[in-house]
Amino acid sequence: MKENNCIFCKIANGEIPSATVYEDEDFRVILDLSPASKGHALILPKEHYANLFELDDELAAKVLPVAKEVVSKMKEILHCDGYNLVQNNGEVAGQTVHHFHLHLIPRYEGDDVGIQWKPGTLSEEVKEEILSKLR
Ligand code: 5GP
Ligand code: ZN
């Protein structure tokens, strides 16, 4: 399924041109228009899924192999020192385009890409609360 007003549906299916670094029958991988670092790319499924929770399981299983292939190739040409894979779900988590996508963000020694958080402390109470609710 495609969604009419979804920019990533249009890009993934070639209706809007994009800087495509990889394509197969299920995915298009494009360079991000506002990159966090040189080579920042996005894996887009050609079908519309708003987020991870909607993503089809069979397709989900194909995402990491595509990431691995693209990242391996990009590492060779970019000579980066590392990679972050980031995937936002929901506005509070920073999702701005509601069509599932996985960010592939090359990292370079000394860059100022700010993917970090302030480490907290896992209390016994919270740990027990979560584990007991999962049982
Ligand atoms: P999100 O914040 O939803 O996880 O990430 C959306 C990403 O899509 C952002 O990094 C943003 O720069 C990128 N983006 C938004 N619109 C376009 C577009 O039209 N073309 C490309 N190539 N990237 C886009
Ligand atoms: Zn879409």
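Computed from a predicted structure; not experimentally measured. Whatever order the structure lists ligands and atoms in, that order sets their numbers, starting from 1.
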| note | The remaining residues in the hydrophobic cluster of Leu102, counting side-chain heavy-atom contacts under 4.5 Å among Ile, Leu, Val, Met, Phe, Trp and Tyr, are Val21, Tyr22, Phe27, Val29, Leu31, Ile43, Tyr49, Leu52, Leu55, Leu59, Val63, Leu64, Val66, Val70, Val71, Met74, Ile77, Leu78, Tyr83, Leu85, Phe100, Leu104, Tyr108
| Contacts of type side chain to side chain donor-acceptor pair (under 3.5 Å), residue Lys62, not counting sequence neighbours | Asp26
| By atom name, which N, O or S atom of His48 is the nearest to the Zn ion (ligand 2)? | ND1
| field | Audit row: Asn5, Glu3, side chain to side chain donor-acceptor pair (under 3.5 Å) steps and yes/no | value | CA-CA 6 Å; Asn5 285 323; Glu3 196 148 290; over 6 Å; no
| said: Using only atom types and a distance under 3.5 Å, with no angle test, would you say the side chain of Lys46 pairs donor to acceptor with the backbone of Asp24? | reply: yes
| note | Residues with a heavy atom under 4.0 Å from ligand 1, by chain and number, are Ile7, Phe8, Ile11, Ile30, Leu31, Asp32, Leu33, Ser34, Leu42, Asn88, Gly94, Gln95, Thr96, Val97, His101, His103
| said: Taking 2.8 Å as the cut-off, does Cys9 contribute an N, O or S atom near the Zn ion (ligand 2), distance below it? | reply: yes
| request: For the pair His99 and His48, name the ring-plane relationship: parallel under 30°, tilted 30 to 60°, perpendicular over 60°. | output: perpendicular
| said: According to side chain to side chain contact (heavy atoms under 4.5 Å, CB included), who are the partners of Lys127, at least two apart in sequence or on a separate chain? | reply: Leu122, Glu124, Leu131
| request: Using only N, O or S atoms, tell me which atom of His99 is closest to the Zn ion (ligand 2). | output: ND1
| field | Lys38 and Asp111, any side-chain heavy atoms less than 4.5 Å apart | value | no
